[in-house]
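Report on the structure given below.
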Number of protein chains: 2
Amino acid sequence: MRPALISRVQVLDATLRLASEKGLSAVTMRSVATRLGVSPMALYRHVGDKQGLLDGLVERLMTEVAGAVENADEDWRVPLRGLAANMRRTARRYPDLFVLLFQRRAVTPGAVAARDAVYRALRAAGVAEPELDRLERMISTFMLGFAASEAGGRFAGIDADAEFRYAEERIEQLITAAVETDR
Amino acid sequence: MRPALISRVQVLDATLRLASEKGLSAVTMRSVATRLGVSPMALYRHVGDKQGLLDGLVERLMTEVAGAVENADEDWRVPLRGLAANMRRTARRYPDLFVLLFQRRAVTPGAVAARDAVYRALRAAGVAEPELDRLERMISTFMLGFAASEAGGRFAGIDADAEFRYAEERIEQLITAAVETDR
DNA sequence: ACCTGAACACCGTTCAAGT
DNA sequence: ACCTGAACACCGTTCAAGT
């Protein structure tokens with residue numbers, strides 16, 4: 001038995017900092033280890049392997065997205081906008097890491113939390129059960145695509161905020177239309 | 001002077017085949033060179049470097065997406081659906097390559113062609129100029145996000161075709177609504 | 001239980017040389 | 001003009017060993 005020098009949380013913290021400062025390509029087992037003052041092989045006990053490290057990173061991204069979204073608001077639009085804002089901010093912070101979200105199902109706690117926030121908003125808006133699933137996926141998919149585009153540079157030269165306000169309006173319009181037809 | 005053993009087109013062809021068969025991680029300067037029966041260094045004259053190779057790949061993806069989209073149809077929905085179908089097919093063929101599209105502006109010929117196809121469809125539908133740009137970007141962004149999600153596995157366990165039909169309807173509804181308010 | 005050092009099989013890329 | 005071979009500075013990961 002021997003006291004642990006590093007923990008899984010520390011490894012992910014250090015990696016996330018490295019990724020936001022120098023991008024995903026700067027994230028190597030060796031560079032992360034150096035940052036923690038430990039040998040590269042020390043990481044393997046805590047994150048499995050490089051893929052495991054990336055998985056851990058992506059889950060942290062999702063909790064960052066889902067975190068701090070107000071819930072019990074009078075207007076269902078508020079938490080939805082908050083989630084979108086979180087998503088865009090996270091994407092800008094980790095542009096090349098963010099696209100990995102397209103490769104994960106919403107099964108980890110963070111991803112589930114983010115999805116549930118959209119669900120709650122849609123329910124509060126009055127969207128009926130049969131349509132809830134699909135509308136949620138459609139909206140989440142658009143948000144993800146928008147944030148990835150903005151952070152990746154696909155929108156270069158365009159006012160992303162104004163662009164998003166337009167899309168936001170259109171989506172809210174879509175939601176209220178769905179509520180209307182259900183009635 | 002010396003007869004060229006390989007060309008840029010051949011390099012991209014071979015790389016694309018390799019990517020669709022074994023994924024992006026199997027694409028190395030060495031593996032591509034081996035496939036062409038040439039030394040790794042021979043590639044550098046034709047694609048610059050690894051990043052140049054990826055850039056060439058992504059442009060080919062876009063021309064694949066934009067290609068063979070019927071144009072002069074009576075119904076504006078047809079080319080739009082065709083483009084979406086192309087996008088989804090291409091994404092499924094090169095899942096890990098596809099997300100690189102989020103990092104490119106629509107400036108290369110293939111990307112411009114894809115964007116113009118959406119423009120034409122929206123104009124044919126009757127969308128007025130001031131809204132054209134934003135609606136095009138919103139729709140393209142959603143399509144990209146959907147295709148990336150489907151190909152990446154985010155929709156695992158879900159009937160992606162049915163899912164897409166739902167979204168398609170909603171988007172077409174959005175377009176006709178935009179036409180209404182313009183009138 | 002946790003960490004290290006050396007080693008292995010890879011990378012992308014430079015550089016000088018060959019035709 | 002186009003290609004090669006050797007070399008360099010990296011990777012992720014295994015394995016045996018140390019505490």
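Side chains are part of it too, since the values below use all heavy atoms of this structure and drop only hydrogens, waters and symmetry mates. Sequence lines set the chain letters: A, B, ... in the order given, protein chains first and strands last, and positions in each chain run from 1.
Proximity of a side-chain donor or acceptor of A/E150 to a complementary backbone N or O of A/A147 within less than 3.5 Å is not detected.
With a cut-off of 3.5 Å on both pairing distances, the Watson-Crick or G-U wobble partner of D/dT13 is C/dA7. Checking C/dA1 for Watson-Crick or G-U wobble geometry (two distances, each under 3.5 Å) identifies D/dT19 as its partner.
As rounded to whole Å, 6 Å separates atom P of C/dC2 from atom CZ of A/R45. Distance CG (A/L18) to P (D/dC11): 11 Å, rounded to an integer number of Å.
The side chain of B/R30 lies closest to C/dG12 when the candidates are D/dC3, C/dG12, D/dT13. Nearest to the side-chain atoms of A/A4 among the listed nucleotides D/dC15, C/dC2, C/dT13 stands C/dC2. When each of C/dC3, C/dG12, D/dC3 is scored by its nearest atom to the side-chain atoms of A/V38, the top-ranked nucleotide is C/dC3.
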Test log, rule side chain to side chain donor-acceptor pair (under 3.5 Å), inputs B/E172 and B/T176 | CA-CA 6 Å; B/E172 289 169 2; B/T176 49; over 6 Å; no
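Salt bridge present: A/D161 and A/R88 bring a charged side-chain N and a carboxylate O closer than 4.0 Å. Ion pairing of B/R77 with B/E168 is absent here, as no side-chain N (NZ or NE/NH1/NH2) approaches a carboxylate O to less than 4.0 Å.
In this structure, B/S39 does not reach the D/dC3 phosphate: none of its side-chain N or O atoms is under 4.0 Å from OP1 or OP2.
Each of A/M41 and A/S31 was assigned the nucleotide of DNA chain D with the nearest heavy atom; the assignment lying further toward the 5' end belongs to A/S31.
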